[in-house]
Amino acid sequence: MSVYPPTPTIPMMHGGADRRKAKRPPNVGSRELNSQENEMLFQLVGSDAVSLTAAVVQLLKSDRGSWRVELPHGVVSLVKDYAQRAYFLRIFDILDERVAWDFKLYKAFQAQSFPQCRKLLAFEQMENGEDGVVIGLNFFSEYEAAEFKEHLDRRHAQERKSNTPGRPGMPLMMPSAG
């Protein structure tokens with residue numbers, strides 16, 4: 001009789017056969033687009049990613065305190081990219097069938113909203129040596145801005161929860177006496 005636990009098998013390591021392939025959420029489009037335009041968006045998102053929420057926006061950039069328009073229009077999507085195992089903000093030009101802007105969400109990413117301008121979300125770029133550059137998403141609809149912010153806040157809370165040490169179900173390592 002061995003005192004060691006059994007060597008984990010693949011199903012044991014992944015929580016059983018049922019958890020190996022979690023069901024992916026459906027693509028979510030913009031309320032401002034018609035069904036054909038949303039279908040074009042989903043095609044651009046790709047088969048190995050999912051649009052968690054989407055909205056019609058302008059992309060703004062601020063350095064030194066004044067905004068300038070980087071992209072006059074597009075459809076921003078919070079994309080969960082399964083191939084890259086990361087979350088992205090991607091702005092799609094559905095008429096030209098291309099990704100117009102791509103931004104990987106960094107650790108502790110948070111977007112700021114403004115009560116005096118409810119159609120604007122802003123955040124720091126913090127990549128490619130452009131620290132201090134502020135990116136703005138100017139939404140066509142206040143409703144979509146609020147909904148998008150809610151998704152980003154949930155993503156941030158989920159990240160914080162998964163990075164909290166000693167969360168339930170995780171054994172803590174105790175120093176050995178001796």
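With Asp48 as the partner, the side chain to side chain donor-acceptor pair (under 3.5 Å) test is satisfied by one option alone out of Lys80, Arg24, Gln84: Arg24.
Considering only heavy atoms from C-beta on, Ile135 stays 4.5 Å or farther from Phe103 through its side chain. Looking at Glu124 and Val133, their side chains never come closer than 4.5 Å, going by heavy atoms from C-beta outward. Taking 4.5 Å as the limit, some side-chain heavy atom of Trp67 sits within range of a side-chain heavy atom of Leu120. In this structure the side chain of Asn27 never reaches within 4.5 angstrom of the side chain of Asn38, judged on heavy atoms. Side-chain contact between Ile91 and Leu71 is present, with at least one heavy-atom pair separated by less than 4.5 Å. Side chains of Asn138 and Leu59 form no contact here, defined as non-hydrogen atoms less than 4.5 Å apart. Counting only heavy atoms from C-beta outward, the side chains of Phe42 and Val50 never approach each other to under 4.5 Å. In this structure the side chain of Val76 never reaches within 4.5 angstrom of the side chain of Phe92, judged on heavy atoms.
Taking NE2 from His156 and OH from Tyr87, the interatomic distance works out to 14.0 Å, rounded to the nearest 0.5 Å. Between atom NZ of residue Lys107 and atom CZ of residue Arg160 there is a gap of 11.5 Å, rounded to the nearest 0.5 Å. Between the CG atom in Leu52 and the CG atom in Leu78 there is a gap of 4.5 Å [rounded to 0.5 Å]. One finds the CZ atom of Phe88 at 9.0 Å from the CG atom of Leu105 (value rounded to the nearest 0.5 Å). Once rounded to the nearest 0.5 Å, the distance linking NE2 of His151 with OG of Ser51 reads 9.0 Å. Interatomic distance, Arg31 CZ to Thr53 OG1, rounded to the nearest 0.5 Å: 9.0 Å.
The two residues Ala55 and Phe148 have their closest heavy-atom pair at CB-CD1, 4.4 Å. The shortest non-hydrogen separation linking Val56 to Glu144 is N-OE1, 3.2 Å. Here the closest heavy-atom approach between residue Lys149 and residue Ser113 is recorded as CE-OG, 3.6 Å. In plain terms, the two heavy atoms of Ala54 and Leu41 that are nearest each other are CB-CD2, 3.7 Å. Annotation for Ile94 and Met40: closest pair O-CE, 3.2 Å, computed over non-hydrogen atoms.
The backbone N or O of Phe139 lies less than 3.5 Å from no partner atom in the side chain of Gln58, so there is not a single donor-acceptor pair. For the pair Gln112 (side chain) and Leu121 (backbone), a donor-acceptor distance under 3.5 Å is absent. A side-chain donor-acceptor contact under 3.5 Å links Asn34 to the backbone of Gln36. At distances below 3.5 Å, not a single donor-acceptor pair connects side-chain atoms of Asp93 with backbone N or O atoms of Val99. Looking at Ser77, its side chain never comes within 3.5 Å of a backbone N or O of Arg90 through a donor-acceptor pair.
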| field | Criterion salt bridge (Lys or Arg N to Asp or Glu O under 4.0 Å) on Glu70 and Arg68, from CA distance to verdict | value | CA-CA 6 Å; Glu70 288 286 304; Arg68 72 175 183 276; 3.0 Å; yes
| query | Run the side chain to side chain contact (heavy atoms under 4.5 Å, CB included) check on Phe123 and Leu137 step by step: do they pass? | reply | CA-CA 9 Å; Phe123 53 91; Leu137 297 174; 4.2 Å; yes
| field | Evaluation steps, salt bridge (Lys or Arg N to Asp or Glu O under 4.0 Å), between Lys104 and Asp81 | value | CA-CA 10 Å; Lys104 184 177 180 180; Asp81 190 314; over 6 Å; no
| request: Tell me, with the steps shown, if Val57 and Phe140 meet side chain to side chain contact (heavy atoms under 4.5 Å, CB included). | output: CA-CA 6 Å; Val57 296; Phe140 178 76; over 6 Å; no
| task | Go through the steps for Val69 and Leu60 under the test side chain to side chain contact (heavy atoms under 4.5 Å, CB included), then give the verdict. | result | CA-CA 5 Å; Val69 176; Leu60 309 173; 3.7 Å; yes
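Other residues, nucleotides and ligands contribute only 12 or fewer heavy atoms inside 6.0 Å of the CZ atom of Arg85. Heavy-atom neighbours of Arg118 CZ from other residues, nucleotides or ligands within 6.0 Å: at or below the threshold of 12.
Using cut-offs of 30° and 60° on the angle between ring planes, the pair Phe109 and Tyr106 is perpendicular.
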